[in-house]
Amino acid sequence: MIVMEFNLDNLVRENIKKMTAYSSARHEFSGNASIFLDANENSFGSPIVLPSPHHCEPGEAREGSGVRFNRYPDPLQLEVKDKLSKIKGVPPQNIFLGNGSDEVIDLLYRIFCEPGRDNVLIFPPTYGMYEVCAEMNNVKVKKVNLTDSFQLDIEKIENAIDAYTKLVFVCSPNNPTGNSINRTDIGVILNNFDGIVVIDEAYINYARQKTLIAELTEYPNLVVMQTVSKAWGLAGLRLGMAFAATPIIELMNKVKYPYNINTATQILALEALENIDWVNEHIATTVVEREKLKNELLQIPVTENVFPSDANFLLVKMKNARDIYEKLCEKGIIVRDRSKIVLCDDCLRITIGTPNENNQLAQELRNIKSD
Ligand SMILES: *Cc1c(COP(=O)(O)O)cnc(C)c1O
């Protein structure tokens, strides 16, 4: 591994350093006023009003008895960040919010990776968006497969990194394998790689391992991604989070589209963040169901192996994954066929359902055997 001092300035693309961020009306004036005639919004309101338990604040989206949409949203989503800050124990200036984690991934490419020159490092089998975003941005992807136990191959990783490697993506717990990546191995990369280390913690709420958010003060090159799409039950809201040192957050704010998180998402996220008990209850249920389903699957003849999972899904090796996938489809049960993915021969990825859904799945799998 090339050991150098981490220097953010050296990593950022020249055009990004030089560009001037768009300055929106809501950005130039964000104080209190009663008449807003600065953004060419519709002064008469919006044809729909979202009923909301939130109180009204003049000049904001919340007017009268509910939420209106005629005003542009807060470009920096300060209220949402404030609430998240208390939940996550991170100052708001270390939080970035994106239109899903996918926006965060794309922004990191656009900030750090010079198309046609730079490369990123990923560890298959893993989340597909890292590679899709690389192709979209004309950035080369270097791949070092996980080991047979789905852990990082540190020696091969050291050899793969070169002077043009800008980003390393570690997904932990990993999708589609479900396991957490060893903390010590992540530490080795964080300590020795002078580019950006992205830890994708989409499934962290289901894991025994702790989040790396607590390590942000130690590592200026660490970006932790989380999302409300999984444990928070809000995949339809499109809200991803990145936690990082302030200079990285500022770069992301500079490059993002000005109003990347819409008013509905901000208001609904604020409401949802009040319901942390709902989230914790369903994390507990999901983990119990995961272990139950795992034991259940291991009793079924078509199952070859169920891999250890720290997530809300199981990677299951089958006797003939494609055949079983199709038979489940016929019964109206859709799982993810991962059998063509490296290290996942004959594997299906099965999301943990409700107890009833899991029972039906197990029932159908038992029937396939008797065909
Ligand atoms: C589901 C998932 C996400 C979530 O992406 P969003 O765009 O926030 O919905 C991110 N990373 C991984 C590995 C995932 O599996």
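Counting starts at 1 for both ligands and their atoms, following the listed order.
- Of all atoms in ligand 1, listed by their number and element, those nearer than 4.0 Å to a heavy atom of S229 are 6 (P), 8 (O), 9 (O).
- Against a heavy-atom cut-off of under 4.0 Å, A202 is close to the following atoms of ligand 1: 2 (C), 3 (C), 10 (C), 11 (N), 12 (C), 14 (C).
- Residue contacts with ligand 1 for S101 involve both N, CA, C or O and side-chain atoms from C-beta outward (heavy atoms, distance under 4.0 Å).
- In the vicinity of Y203, heavy-atom distances shorter than 4.0 Å reach the ligand 1 atoms 1 (C), 14 (C), 15 (O).
- Considering backbone and side-chain N/O atoms, Y130 never comes within less than 3.5 Å of an N/O atom of ligand 1.
- Ring planes of F313 and Y203: perpendicular class, angle over 60° (limits at 30 and 60°).
- With respect to the salt-bridge test (charged N to carboxylate O, under 4.0 angstrom), the residues R238 and E103 do not qualify.
- Ligand-side atoms of ligand 1 in range of D102: 7 (O), range being under 4.0 angstrom from any heavy atom.
- The shortest heavy-atom contact between I350 and V335 is CG1-CG1, 3.9 Å.
- In this pair, Y130 and Y127 present their aromatic rings perpendicular. The plane angle is above 60°, beyond the 30 to 60° band.
- Atom 11 (N) of ligand 1 has as its closest protein heavy atom D200 OD2, 2.7 Å.
- Side chain to side chain, T184 and N182 fail the donor-acceptor criterion of an N or O pair below 3.5 Å.
- For ligand 1, the atoms sitting less than 4.0 Å from at least one non-hydrogen atom of C171 are 13 (C), numbered in the order shown with element in parentheses.
- Residue contacts with ligand 1, taken as heavy atom pairs separated by less than 4.0 Å, involve K230 solely via side-chain atoms from C-beta onward.
- Counting heavy-atom neighbours within 6.0 Å of Y164 OH, excluding the residue itself, gives a total of 12 or less.
- The protein heavy-atom contact nearest to atom 7 (O) of ligand 1 is R238 NH2, 2.7 Å.
- A donor-acceptor pair is defined here as one N or O able to donate and one able to accept, closer than 3.5 Å; no such pair exists between the side chain of K17 and the backbone of M19.
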